[in-house]
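Small disclaimer: the values here were computed from a predicted structure and weren't measured.
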Amino acid sequence: MTQKTLPTDASVEEFLATLDARRREEGEQLVELFRSATGAEPVMWGPSMIGFGQYAYRYASGHEGVWPRAAFSPRKAKLSLYGLQTHPDAGAALARLGPHTSGVDCVYVTRLATIDLAVLRELVLLSWATTADQAV
């Protein structure tokens with residue numbers, strides 16, 4: 001199995017410029033929040049994910065790869081926030097985040113204005129700490 005989503009040399013700024021006004025503004029806000037929380041610079045992963053840092057993983061099946069330590073994608077319908085559920089304390093923080101839904105590895109938010117950005121920053125920091133020993 002080959003990993004499909006990998007870091008690219010594409011420009012984060014150019015990607016954000018292709019979005020509608022609201023998503024571009026929210027994407028810029030998220031870049032600043034993630035950058036300040038992690039100290040890492042944003043990198044495009046695939047065509048639409050913005051990631052910060054990376055870590056190596058290996059499943060029991062033998063599949064291995066790299067993934068961003070913290071990431072988001074400003075999708076048209078919802079903002080997809082990756083890796084925010086991995087820390088043991090994430091559940092309590094998610095309960096304070098504001099309106100969202102969750103998938104296997106994603107937290108989905110319709111609008112940034114409806115959530116608590118301080119709690120989001122806390123979740124990013126927890127995500128960052130969870131992958132510290134696997135960082136590459």
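- Using the six-membered ring where Trp is involved, Tyr57 and Tyr59 have ring planes that are tilted, between 30° and 60° apart.
- A distance of 5.0 Å separates CG in Leu112 from CD in Gln29, rounded to the nearest 0.5 Å.
- Residue pairs that meet the salt bridge (charged side-chain N to carboxylate O under 4.0 Å, His left out) test with at least one member in residues 80-104, sequence neighbours left out, are Arg96-Glu122.
- Every residue meeting the side-chain contact (heavy atoms from CB on, under 4.5 Å) condition with Gln85, not counting sequence neighbours, appears here in chain and number order: Leu94, Ser102, Val107.
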### Task
Assess whether side-chain contact (heavy atoms from CB on, under 4.5 Å) is satisfied between Leu97 and His100, documenting all intermediate values.
CA-CA 8 Å; Leu97 181 63; His100 70 279; 4.1 Å; yes
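- Looking at every heavy atom in both residues, Phe34 comes nearest to Val124 through CZ-CG2, 3.7 Å.
- With hydrogens and angles disregarded, a donor-acceptor distance shorter than 3.5 Å links the side chain of Arg23 to the backbone of Arg75.
- The nearest pair of heavy atoms linking Trp128 to Thr38 is CE3-CG2, 3.4 Å.
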### Task
Go through the steps for Val109 and Leu120 under the test side-chain contact (heavy atoms from CB on, under 4.5 Å), then give the verdict.
CA-CA 11 Å; Val109 173; Leu120 177 57; over 6 Å; no
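- Under the 4.5 Å side-chain heavy-atom criterion for ILVMFWY residues, a single connected hydrophobic cluster contains both Leu16 and Leu30.
- Cluster annotation: Ile50 and Val66 are assigned to distinct hydrophobic clusters (Ile/Leu/Val/Met/Phe/Trp/Tyr, side-chain heavy-atom contacts under 4.5 Å, transitive).
- Pro99 approaches Ile115 most closely through the heavy-atom pair O-CG2, 3.6 Å.
- Rounded to the nearest 0.5 angstrom, Asp116 CG and Arg121 CZ are separated by 12.5 Å.
- Of all heavy-atom pairs between Leu19 and Arg24, the closest is O-NH1, 2.7 Å.
- Ion pair Glu25/Arg22 not flagged as a salt bridge, since none of the NZ, NE, NH1 or NH2 atoms sits closer than 4.0 Å to an Asp/Glu carboxylate oxygen.
- Side-chain contact between Arg35 and Pro42 is present, with heavy atoms from C-beta onward closer than 4.5 Å.
- Taking each heavy atom of Ser48 and Pro74 in turn, the nearest pair found is O-CD, 3.9 Å.
- Partners of Thr110 under the side-chain contact (heavy atoms from CB on, under 4.5 Å) rule, at least two apart in sequence or in another chain, are Lys78.
- Val31 and Leu79 end up in the same hydrophobic cluster when Ile, Leu, Val, Met, Phe, Trp and Tyr side chains are linked at under 4.5 Å.
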### Task
Might you work through the side-chain contact (heavy atoms from CB on, under 4.5 Å) test for Gln54 and Thr131, ending with a clear yes or no?
CA-CA 8 Å; Gln54 61 181 299; Thr131 56; over 6 Å; no
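- In this structure, the separation between CE on Met49 and OG on Ser73 is 6.5 Å, given to the nearest 0.5 Å.
- Under the 4.5 Å side-chain heavy-atom criterion for grouping Ile, Leu, Val, Met, Phe, Trp and Tyr, Leu33 is connected to Leu84 within one hydrophobic cluster.
- Here the closest non-hydrogen pair linking Leu123 and Ala93 is CD2-CB, 3.6 Å.
- Counting heavy atoms of neighbouring residues, nucleotides and ligands inside a 6.0 Å radius, atom CD of Gln134 exceeds 12 of them.
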### Task
Take Leu126 and Thr86, measure what side-chain contact (heavy atoms from CB on, under 4.5 Å) needs, and give me the verdict at the end.
CA-CA 8 Å; Leu126 290 172; Thr86 56; over 6 Å; no
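- Tyr55 and Leu125 are members of different hydrophobic clusters when ILVMFWY side chains are connected at heavy-atom separations under 4.5 Å.
- Between Tyr82 and Phe72, the ring centre distance reaches or exceeds 6.0 Å.
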